[in-house]
Amino acid sequence: MSERNLIVIALGGNALLQRGQKGTFQEQYENTKITAKKIADLIERGYKVVITHGNGPQVGATLLRHDAGQKVYGVPAFPMDVAGAETQGFIGYMIQQALRNELKSRKIDKYVVTIVTRTIVDENDPAFKNPTKPVGPFYKKEDVDELKKQFPDWVFKEDSGRGWRRVVPSPDPKLIAERYAIKTLVDYGFVVVASGGGGIPIVEKDGVATGVEAVIDKDLAGQRLATLVGASKFVIATDVDGAYLNYGTPNQKKLDRVSVEEMKRYYAEGHFKEGSMGPKVLAAIRFVEAGGETSTIGHLYDLIELVEGKKGTTVYSSTG
């Protein structure tokens with residue numbers, strides 16, 4: 001059973017870092033404070049909120065810092081799963097601080113907590129042989145050529161006309177390891193930040209968990225989280241106003257309200273780009289099929305309207 005006033009919000013990269021910014025802590029924290037005001041508006045309206053977020057630029061920058069530290073100072077670089085844990089910590093800190101301050105300013109006595117979250121994946125997932133998930137900043141083609149000389153094993157792909165980005169394996173999330181702790185905190189009224197960056201990818205074998213070099217899509221993991229906590233709505237807040245058919249062509253068409261059956265057909269027809277809108281649409285489909293009421297994709301700045309179904313692309317069950 002879903003709880004009607006419980007929402008899971010998956011924050012896209014623009015909630016933390018705007019296009020063209022360098023990525024300083026202060027820039028990211030100022031962006032987080034703006035996002036916190038929008039989330040506080042929902043809490044003030046009586047909604048219970050669970051938050052997840054992306055970490056593509058942040059984990060990419062963290063890996064570059066590790067590499068530079070190793071080359072310049074001999075400080076050992078850490079693997080990608082550890083870098084993911086680092087970004088969960090500092091992004092969670094920004095959200096906790098910004099949102100708690102905003103709630104206190106409105107005299108709303110609610111606490112925000114971050115759970116460093118692991119996500120279980122299948123070690124035989126075919127994604128490990130086909131990297132698709134963008135991480136790190138956007139590059140020009142000439143920059144990519146230089147980076148390939150330094151990091152020959154890195155794979156780059158062009159991203160929706162915005163530039164080139166490094167891509168890494170993105171296995172499908174199977175289970176959230178900290179699911180019971182998250183559910184307990186939500187039930188007791190905490191605002192929970194969880195599954196940041198899709199969660200730290202781990203595999204379990206013979207009862208032992210091991211981190212792996214990959215990044216899990218935050219929207220697909222967000223769907224698992226939303227279904228787990230029994231949310232009625234799953235909102236994917238990004239930097240576009242919705243999902244489009246024939247995106248980037250003269251006959252592109254924005255989708256408004258779409259049944260899950262219709263959206264599955266569009267997804268199968270290949271309208272949504274892998275590594276970009278594709279995972280968002282798949283996450284929306286999965287959430288509704290798992291019993292959620294609606295899932296909406298749209299611009300972060302329209303967060304309230306997305307929750308109310310007034311903007312964005314909303315996927316719904318035709319049998320609900």
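Counting from 1, the numbers follow the sequence of the chain as shown. For clarity, every value in this text was computed on a predicted model and none was experimentally measured.
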Tell me whether the count of non-hydrogen atoms from other residues, nucleotides or ligands lying under 6.0 Å of [atom1] in [X] goes above 12.
X	atom1	value
Q18	CD	yes
K71	NZ	yes
K310	NZ	no
D206	CG	no
Y139	OH	yes
K253	NZ	no

Flag the pair [X] / [Y] as yes when at least one side-chain heavy-atom distance between them is below 4.5 Å, and no otherwise.
X	Y	answer
E123	V212	no
F272	K280	no
V307	R45	no
I43	R106	no
D239	R162	yes
H66	M80	no
E3	V186	no
R100	Y111	yes

Nearest 0.5 Å, what's the [atom1]-[atom2] distance between [X] and [Y]?
X	Y	atom1	atom2	answer
S295	L306	OG	CG	10.5 Å
R257	T314	CZ	OG1	6.0 Å
N14	Y301	CG	OH	6.0 Å
T296	E305	OG1	CD	11.5 Å
I7	I9	CD1	CD1	6.0 Å
L220	K174	CG	NZ	10.5 Å

Could you go step by step and tell me if V191 and I51 meet the side-chain contact (heavy atoms from CB on, under 4.5 Å) rule? CA-CA 8 Å; V191 179; I51 303 163; 4.0 Å; yes

K149 vs D145, salt bridge (Lys or Arg N to Asp or Glu O under 4.0 Å): CA-CA, chis, key distance, verdict: CA-CA 7 Å; K149 295 176 184 177; D145 294 337; over 6 Å; no

Could you go through R224 and D172, starting from their C-alpha distance and side-chain angles, then the distance that decides it, and tell me whether this counts as salt bridge (Lys or Arg N to Asp or Glu O under 4.0 Å)? CA-CA 11 Å; R224 301 289 190 207; D172 200 34; 3.7 Å; yes

Below 30° counts as parallel, above 60° as perpendicular, anything between as tilted: where do the rings of [X] and [Y] land?
X	Y	value
F25	Y93	parallel
W154	F156	tilted
F287	F234	tilted

Considering all heavy atoms of both residues, which atom of V121 and which atom of P173 are nearest to each other, and what is their separation? CG1-CA, 4.4 Å

What I want to check is whether the side chains of [X] and [Y] have a donor and an acceptor closer together than 3.5 Å.
X	Y	result
Q26	E30	yes
N31	Q21	yes
Q96	T114	yes
T227	Q223	yes

Ignoring hydrogens and angles, tell me if any N or O in the side chain of E293 forms a donor-acceptor pair with the backbone of S232 under 3.5 Å. no

Is the backbone N or O of G46 less than 3.5 Å from a side-chain atom of N5, with the two atoms forming a donor-acceptor pair by type? yes

Quick check on the hydrophobic clustering: are [X] and [Y] connected, directly or via other members, by side-chain heavy-atom contacts under 4.5 Å?
X	Y	value
I39	L17	no
F151	V215	no
V168	F128	no
V315	L225	yes
V258	L245	yes

For the pair K37 and D41, evaluate salt bridge (Lys or Arg N to Asp or Glu O under 4.0 Å) and give the outcome as yes or no after the intermediate values. CA-CA 6 Å; K37 290 180 183 295; D41 288 341; over 6 Å; no

In sequence, state the C-alpha distance, the side-chain angles, and the governing distance for K157 and D159, and then conclude on salt bridge (Lys or Arg N to Asp or Glu O under 4.0 Å). CA-CA 6 Å; K157 290 185 180 179; D159 190 334; over 6 Å; no

